[in-house]
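Here's the structure, in structure tokens; my notes come after.
Just so you know, these numbers use all the heavy atoms, side chains as well, and skip hydrogens, waters and symmetry mates. Each chain gets a letter, A, B and so on, in the order the sequences are listed, and its residues count up from 1. Note that the coordinates shown come from a computational prediction; the quantities given were computed from them, not determined experimentally.
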Amino acid sequence: MPDAKPRDLFPGALEMMVLRLLKQRPMHGYALVQRIQQASNNLLQVEEGSLYPALQRLLKDGLVDAEWGVSATNRRVRVYRITRAGAKHLGQEMSSFERMLDGINLVLALGGET
Amino acid sequence: MTWLDGLLRRRRIYDDLADEIRAHLDEKADELMARGMSPRDAREAARRAFGNVTNIQERGRDVWQWPTIESILLDIRYALVQMRRAPALSATVVLTLALGIAATTTVFSWARAVLLDPLPGAGAPSQVYALETTTASGTWTPTSWLDYRDFRRYLKSFDGLAAAYPTSLALGNDAGSERAWGELVSANFFDVLQVRPVLGGLFPSNSDDAEGAQPVAVISYALWQRRWQGDPHIVGRTVEINRSPFTIVGVTPPAFHGSMPGEQTDLWVPAGMLGRIVPTGGWWLNDRGTRTFRVLGRLKAGVSFPAARDEVDRFTAFMAKVNGGPSTGMRGLLMPVWQSHWGMQDALRAPIVVLLAACGLVLIIVCANAANLLLARAVSRRRELWLRLALGAPRRRLVRQLLTEASILAITGSALGLAATVWLARSLRTLVPPFAARALLPPHVDGAVLAFTAILAACVTLLAGVAPALHGSREARGDALSDGARNTAGSVHATRIRGALVTAEMALAIVALVGAGLFLDSVRNTRGVSPGFEPDHVAMASVSLTLAGYDSARGDSFLRDVAARVRRQPGVSDASYTDYVPLSVGSGSWEELRVEGYAPQPGESMKLARAAIGPDYFSTMGIPLVDGRDFTAGDDSAHTAVMIVNQAFVRHFLAGRTALGVRVHGWGRWFTIVGVAQDSKTYRLTESPTPYFYVPVRQVYRPEYGYTFVARTAGSVDQTVRAIGQAVRAVDPAVSVFDAMPLTAYIQGPLLSEQIAARFLAILAAVSALLAAIGLYGVISYAVAQRTKEIGVRVALGAARGDVMRVVAGEARTHLILGLVLGLGAALAMSRLVSSMLYSVGSGSAGVFAGAAVGMVAIAMAAIAVPARRAMRVDPLVALRAE
């Protein structure tokens, strides 16, 4: 595989990250993109726009709330906030994700056994 | 939320999204500019980093929209593939659903035709109610014309009140007369029911009621087509009704069938013409005691039903006081038309409701069975579902997929069921006696029936599909990774649900079995009751002399001539005639009596049911005379009026006295009791002995209800039935004969609907038991398959076949015992609910319960026999190697 090209995300990963970041503090869309890129050391390639359909999905499922407000830099921005259901959902997703990762790792760790 | 709210809300969401994206691009561009990029480059770069703005906006909006058609089609295609992959399972589910839905929809179509839509073709029928009255003793009666006129004049709650008297009529002249059903109606009848003619006009509202008003008739669409082939110039033509010319003024729309629910009326004549239709009946219109009219009222807009009912109640109480005499103790009650006591719906209400409940029960069992099978399938599809989930399908999508599969099965089943219903709906006529079936309106599959089926299909999908869908997706979510996942928490969960479903199926099947048993028992008990006469070897045939326009002298000689001819037939020992055949579906006539030396209790009704009969009636019917003499040809208008009473009459009115010679007053004169007849059943086999009396036709000629000839023969009854018809034609070819049949066939009428309903219940119960067996079989087979290894080990360790059998039976035992306990409990509650519909079942019901329990156990044994055999044949080597 020709190296260092950042990988696409699997479905649901973006939502999981958004929830995780919003759990720290409420943020607006632009700030979320910045935080994802910054926190992942730019390993993850997130097309900035793809954040918005994800946010709409979370809104629809009641996992986040949104409110128009004014940012620190005095802009009119839409600030997202995680809901109680969102926090619960995040917990479930994380644990199931970890189990899946463990499973994959175990299989990958077989290496040259066969 | 309304549709508009939803639209506006979505609009807001879309605007917010667009604003937000714009703000994002601005912020990014500003930041880039702050790093020294030119405004133009900055905007360009911001857009590049963002991606395709339009596309992203669309994706954001999609979140809020319904699933697209494409994805639904995909689900359907996938579901069809799944169906083909498990053809036996799919066929079982589809066919059982079709059966359940066909049965339920069929009974619903009956209920619709008879109860829910009693006045098809009438405008705004929900505002129309039936107004009925009772006598002092609480017996429901129709309403007299004079009472009706008062209702119409004084009741304020109604836009209009109409009256109708249903009767059979003869159409045409001597050469070709046809029997038809007609109604004598108030002139406002069509206005009140809001029926518009398709041709010509209806009765002018002022043509009413003045006696002998106008010889006009309105005909039904069906009669127009049948008799005149839809002749467009029909209006203005003359038709002979009971040998009297009437001018046809209009044709009703095809949907309209008259005021009797479930029955077809052919034509309508103004009530003022009563004297012309029934030559001896014109005086009815002026007699408050002659209650013959059905009253229907249309509520005024804004008047509630309870308010109108209260007004009717108050006003009839007032009338009872003011009018006195025949009105004493009268009560009036307003009720929905389907509750009315006149018409087919009165006899069919109870059987239809019971059958509808039974069908609902079966449908629930069918759903439980389908859920059970689909659940088993979901368990076996665990890995496939997990794969889809792992590939990123959201859980909701998986639930939708599984529900789509269930709904396709449900829709296929419903379509099949509906097709069967179209054909089955007409079988309603099996519930009514053959002689009543002619006027019965065939129920048909209309919009309401279609809607009902659609709702059923949706409920079935939910009942049968939700548990498997939720379970399947939940299962897939967690732990289905490993191959040996047979005993994971998920499949234990499924097994538990399936066990519960099977238990429920068996419990419901027991309810169905007990219900069918109780009704069959009731019918058997009823059939075992002696009617008090001997219907075997008796032939009967009816005539309507008013149709032939007879007066009393001609009627009398006609009856005697025909009876004499019949008596001369070989094999015939006795022949007579009566104006009321016992155990007829309809009610007979009654007369208000005064018995010499008897003081009625306060409020006691002295209206007694009676029959006007010819000589030799008692010997023909096989009713023993316990005292006195029979009527003779000499008991005519020139001699003393005489009466024969039954034993119950003597017990009630003449306690301790000799009946013979006692005088009884009725029809405005005194009758002398000359004989006492043994008690016999009049209306129902289940009634207790009721005072009843007989008068000679020659002294009380009342032709309105027609007369029936009866003849006892030592030879063939069918031949005698034909002989009566020949005798009638020989005396007067213009008189038509109807209800010609053996008496045994005729008196089955009142029993018939119960009998057929009971048989239908038995079939439904058998189906329920079979479904429960299928469910149990599935669950036990699965359990055996799961425990193959364990069984193998046991066999290897020397377990005998009996031990293996015990293991398998142990699986079934819990379900069976729980199902029995729950089922018998529910059946007990159900039997209390229906006890009023049963006849003397109390003693036999323990047997029915025991029978149902034993039957269920036997069925369960049969169901587990196959998996048990399979378990006993388990080869330990194979079983152990399989792991």
Side-chain angles (χ1 to χ4, degrees), chain A residues 8-16 27-34 36-37 42 45-80 89 92-93 95-97 99-104 106-107, chain B residues 6 9-10 12-34 45-67 386-398 474 476-482:
Chain A
D8 279 341
L9 293 171
F10 63 87
L14 188 56
E15 282 90 340
M16 201 156 65
M27 263 181 271
H28 71 288
Y30 186 72
L32 272 168
V33 172
Q34 301 298 317
I36 289 172
Q37 280 170 356
N42 291 326
Q45 178 69 36
V46 182
E47 193 184 50
E48 290 182 12
S50 66
L51 179 71
Y52 289 94
L55 282 170
Q56 296 292 317
R57 277 194 289 277
L58 293 172
L59 263 179
K60 187 178 178 226
D61 294 347
L63 302 178
V64 300
D65 277 339
E67 215 176 351
W68 286 99
V70 177
S71 76
T73 54
N74 209 17
R75 287 172 179 281
R76 189 168 168 271
V77 291
R78 200 170 183 211
V79 179
Y80 292 86
H89 182 77
Q92 288 168 354
E93 286 292 300
S95 73
S96 104
F97 175 69
R99 268 189 301 160
M100 178 175 133
L101 218 54
D102 287 348
I104 293 174
L106 285 174
V107 175
Chain B
R9 194 172 134 248
R10 211 178 279 172
R12 266 259 317 283
I13 290 169
Y14 295 169
D15 288 347
D16 278 346
L17 180 62
D19 285 352
E20 190 175 19
I21 290 173
R22 213 171 300 127
H24 180 111
L25 291 172
D26 286 351
E27 192 170 354
K28 177 96 181 178
D30 283 357
E31 199 187 290
L32 291 173
M33 281 191 290
R47 274 185 185 278
R48 251 199 319 275
F50 192 85
N52 184 334
V53 175
T54 321
N55 180 6
I56 281 167
Q57 246 181 45
E58 250 166 40
R59 272 165 53 202
R61 288 177 182 190
D62 279 350
V63 170
W64 301 94
Q65 276 159 8
W66 291 88
W386 178 80
L387 192 65
R388 295 192 60 193
L389 205 62
L391 288 175
R395 179 166 181 235
R396 203 178 315 138
R397 186 77 171 65
L398 230 55
R474 184 186 122 142
R477 184 192 190 82
D479 354 69
L481 258 174
S482 69

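Using a 4.5 Å cut-off between heavy atoms, A/L51 makes no contact with chain B at all. Proximity to chain B is limited to the side chain of A/R75, based on heavy atoms less than 4.5 angstrom apart. For a residue to count as touching a neighbouring chain, one of its non-hydrogen atoms must lie under 4.5 Å from one of that chain's; by this rule B/D16 touches chain A with backbone and side chain alike. Contact annotation for B/E31: only side-chain heavy atoms (C-beta onward) come within less than 4.5 Å of a heavy atom of chain A.
Ranked by heavy-atom pairs under 4.5 Å with chain A, the first of B/I21, B/L17, B/I13 is B/L17.
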| message | Could you go through A/Y52 and B/Q57, starting from their C-alpha distance and side-chain angles, then the distance that decides it, and tell me whether this counts as side-chain contact (heavy atoms from CB on, under 4.5 Å)? | response | CA-CA 8 Å; A/Y52 289 94; B/Q57 246 181 45; over 6 Å; no
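In summary, B/D19 and B/R22 engage in a salt bridge, as defined by a charged side-chain N under 4.0 Å from a carboxylate O.
Residues A/E15 and A/L63 form no side-chain contact, since every pair of their non-hydrogen atoms from C-beta on lies 4.5 Å or further apart.
For A/E67, the side-chain contact (heavy atoms from CB on, under 4.5 Å) partners two or more places apart in sequence, or in a different chain, are A/R81.
For the residue pair A/Y30 / A/Q34, a side-chain donor-acceptor distance below 3.5 Å is found, with atom types taken as modelled.
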